[in-house]
Number of protein chains: 2
Amino acid sequence: MKKKRTTIKDIANVLNISAAAVSKALHNDSRISEKTKENVRQVAKNLHYQPNHLASALRSGKSNLVGVIVPRTNSNFFSSVIQNIEEVLNKKGYSIIITQSNESYDKECKSIDTLLYTQVDGIIASMANETVDLSYYEKVKSKGIPLILFDRGENDLNVDYIGIDDYNSSHIIVEHLVNQKCKRIAHIGGFKRTRIFNNRIRGYIDALKKYNLPLDDELLIESNLTIEDGRAKMKQLLSLKNRPDAVYVAGDYAALGALQVLNENNISIPNDIALVGFGNEPFTDMVTPRISSVNQHSEEIGKQAANAFLKHNKENIVEQTLNKIILNAELIVRDSSNKKTSL
Amino acid sequence: MKKKRTTIKDIANVLNISAAAVSKALHNDSRISEKTKENVRQVAKNLHYQPNHLASALRSGKSNLVGVIVPRTNSNFFSSVIQNIEEVLNKKGYSIIITQSNESYDKECKSIDTLLYTQVDGIIASMANETVDLSYYEKVKSKGIPLILFDRGENDLNVDYIGIDDYNSSHIIVEHLVNQKCKRIAHIGGFKRTRIFNNRIRGYIDALKKYNLPLDDELLIESNLTIEDGRAKMKQLLSLKNRPDAVYVAGDYAALGALQVLNENNISIPNDIALVGFGNEPFTDMVTPRISSVNQHSEEIGKQAANAFLKHNKENIVEQTLNKIILNAELIVRDSSNKKTSL
DNA sequence: TATATTTGCTTAAACGTTTAAACAAATATA
DNA sequence: TATATTTGTTTAAACGTTTAAGCAAATATA
């Protein structure tokens, strides 16, 4: 009843040669005559031969599959990174398996198990916010499987890491706001324990110092960076006696929430309060006013991550070491922080 | 140099039993004693045994991998569908491989090849806009691999299909606009050759007839539904002598473009022109005014698609037949088409 | 002409599982 | 007590490749 698949043996039988010869012919082995290769290709085509990946992967120990773990695909940043990883790896004969952790540590562990079980040749991951226990990732390392982290993770695991310069991004943002004559700059930051957010916070603090601006505890708030929390934290800032005249939010969704609250309270953006987000999600360019934000170079991150994996495989690196690639981020100035138009 | 993996044989050696016994113990075979099972589990744990998926898949002919093909992951609809497919299938021991066609036919063909090569147990797909030649999908069918289509594809291939009732959605939208006292309703539709968009167009036409509204050729426009084209087509509508008082756009991105043009021209929404989109992308709820849109029940579609695959596998269906599941869509009324507030 | 090298293939084992078939020992049934 | 059944295991083949080793024939080298 089941449709029989064509194997290398079927081709061998037709041509009266060995299966090994067929395998070599298909791999363009130099020890196989041009004539035989041609014959094999022809018969393979006629019989609709499709190589069995499982068999070759099992035998050769290479699955040509790379696992990608992201907190979610439903974000421009991550889906763009993925797309670029795929583009680079496809060209080299790899396919990717995408899994989402949904920011959950449990789901992340399951994803890792699935990927290991599937015998991936490598894992490219951005860690969930929740993740603090790294033993699961250590497991990947200890199996000798190349591990590349991007965006979230940085130097926690002593493996390759690709990300942007969060610390410096904060500097650029603060500098921009200073140029806009802002004097009291607030920061709605992410979780301090997540390194990238911590870096943004440190950058914010140091930049304030550099420009001799007040570093006020009330103006530095920790958030989970959802829309809802962005709203809540913005309300908190508005309730201050001494309101800020600029708010730098470490994530675009939270920045959107903040924007909604400002609009609802008829606060003029950017004149009363200027607003800057982070991530350059497409909607930042769609809302009113358009939100200034930081472009994280997702394309470049994806490409670099893929290349880092390829390098591992090519050079057969056994011991992984910390190898950071830090890209410069770019502030996209839009209406929400640009007072020049009012000149 | 390479780290050796623990195999079933290693466990067998430790316990002085056969590899077959270990395999059965791990699969909880009823013919293996509880004691042996316990021993096997213990040793497996100690040696950090991780089953080799390639070997078991090769032998058993089941890879426990399901391929998913979408036009792009960077859309709330698709990423939500994927998430729900994953949730259902993970519970049953399947992992999914996600590939993006980027709306390109070529990329779609490559994806199919990759998935077949990877020996997936099934493919769940939503076709690229470009796709008209179905021979590649026929290839999947002819290999006896379960194929499930959702959103794009419908009855073109005589396989399972899950989607919403596009025809009826148009009815609901027109009815809503009629209730809002709109008299000249325009439709910026998708490509006629793509069935779902064709259905929306047919629904629009029939609903106009039902409510005795003018069916004006100028008011029915074909678009690729990008933001840019939404802008262009809205400008086209505004240039008409006899402007519409409502515009129903078959995609949210194009609806957003239309909204921008209306705002730029200081046309009051919804009083001068009411606007309705399609897809309920999150940004419809973020822009000003918020855009009414149609919720496509991505969660339900994902779950149903996964279940359709599981059913195939369970019942060992060989010949695939057309089996449509059509869900009722839901119109989310927001500011862009709700005049009640002005009462 | 004798020997070495190259060419083009074959043989056979291996990758790590699963599974049908066989079988001995223990237990149940008549 | 003899026979049937159940229990718990082993043996061996199979899944479809790849690849090291081997070998005969053709060709090159001395």
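Chain A is the first sequence line, chain B the second, and so forth, proteins listed ahead of strands; every chain is numbered from 1. Worth knowing before you read on, the calculation uses all heavy atoms, side chains too, and leaves out hydrogens, waters and symmetry mates.
For A:Glu86 and B:Lys107, the salt-bridge test passes: some basic side-chain N is under 4.0 Å from an acidic carboxylate O. Electrostatic pairing of A:Arg41 and A:Glu38 counts as a salt bridge here, judged by a charged N lying under 4.0 Å from a carboxylate O. A salt bridge links B:Arg152 with B:Glu103: the closest approach of a Lys/Arg side-chain nitrogen to an acidic carboxylate oxygen falls below 4.0 angstrom.
Residue A:Ser60 places its side chain closer to D:dT19 than to any other of D:dT19, D:dC15, C:dT17. Here C:dT18 is the nucleotide among C:dT18, C:dC9, C:dT10 with the atom lying nearest to any side-chain atom of B:Ile8. Of the candidates D:dG16, D:dT11, C:dT17, the closest approach to any side-chain atom of A:Asn52 belongs to D:dG16.
Atoms CG (A:Asn13) and C1' (D:dG16) sit 14 Å apart, rounded to a whole Å. Note: CG (A:Leu58) to P (D:dT17) measures 12 Å, nearest angstrom. In this structure, A:Leu15 atom CG and C:dG8 atom P are separated by 16 Å, rounded to whole Å. Atom-to-atom, CG of B:Leu26 to P of C:dT17 comes out at 9 Å; the value is rounded to the nearest Å. Taking atom NE2 of residue A:His27 and atom P of nucleotide C:dC9, one finds them 17 Å apart after rounding to whole Å. D:dT18 atom P lies 14 Å from atom NZ of A:Lys9, rounded to whole Å. Atom P of nucleotide C:dT19 and atom NZ of B:Lys62 are separated by 12 Å, given to the nearest angstrom. Rounded to an integer number of Å, the gap from CG of B:Asn39 to P of D:dG8 is 14 Å.
Using a 4.0 Å heavy-atom distance criterion, A:His53 is classed as making no nucleic acid contact. Contacts of B:Ser18 with the nucleic acid, taken as non-hydrogen atoms under 4.0 Å apart, include base atoms. A:Lys24 comes within 4.0 angstrom of a base, heavy atoms only. At the heavy-atom level, B:Leu54 lies nowhere under 4.0 Å from the strands shown.
Ring planes of A:Tyr117 and B:His53: tilted class, angle from 30 to 60°.
C:dT29: Watson-Crick or G-U partner is D:dA2, with both key distances under 3.5 Å.
Nearest heavy-atom pair across B:Ala128 and B:Ser104 is CB-N, 3.9 Å.
For B:Ser23 and C:dT17, the shortest distance from a side-chain N or O to OP1 or OP2 is not below 4.0 Å. Between B:Ser30 and D:dT7 there is no side-chain polar atom (N or O) within less than 4.0 angstrom of OP1 or OP2. For A:Tyr117, no side-chain nitrogen or oxygen approaches OP1 or OP2 of C:dT17 to under 4.0 Å. The side chain of B:Thr7 contributes no N or O atom lying less than 4.0 Å from OP1 or OP2 of C:dC15.
In terms of position on DNA chain C, the residue among A:Ala19 and A:Glu34 whose nearest nucleotide sits closer to the 5' end is A:Glu34. The residue among B:Ser56 and B:Arg31 whose nearest nucleotide of DNA chain C lies closer to the 5′ end is B:Ser56.
Taking the centre and axis of the six-membered ring of B:Tyr136, the NZ or CZ atom of B:Lys139 falls inside the cone set by 45° and 6.0 Å.
If you check distances only, the side chain of B:Arg59 does reach the base of C:dT18 with a donor-acceptor pair under 3.5 Å.
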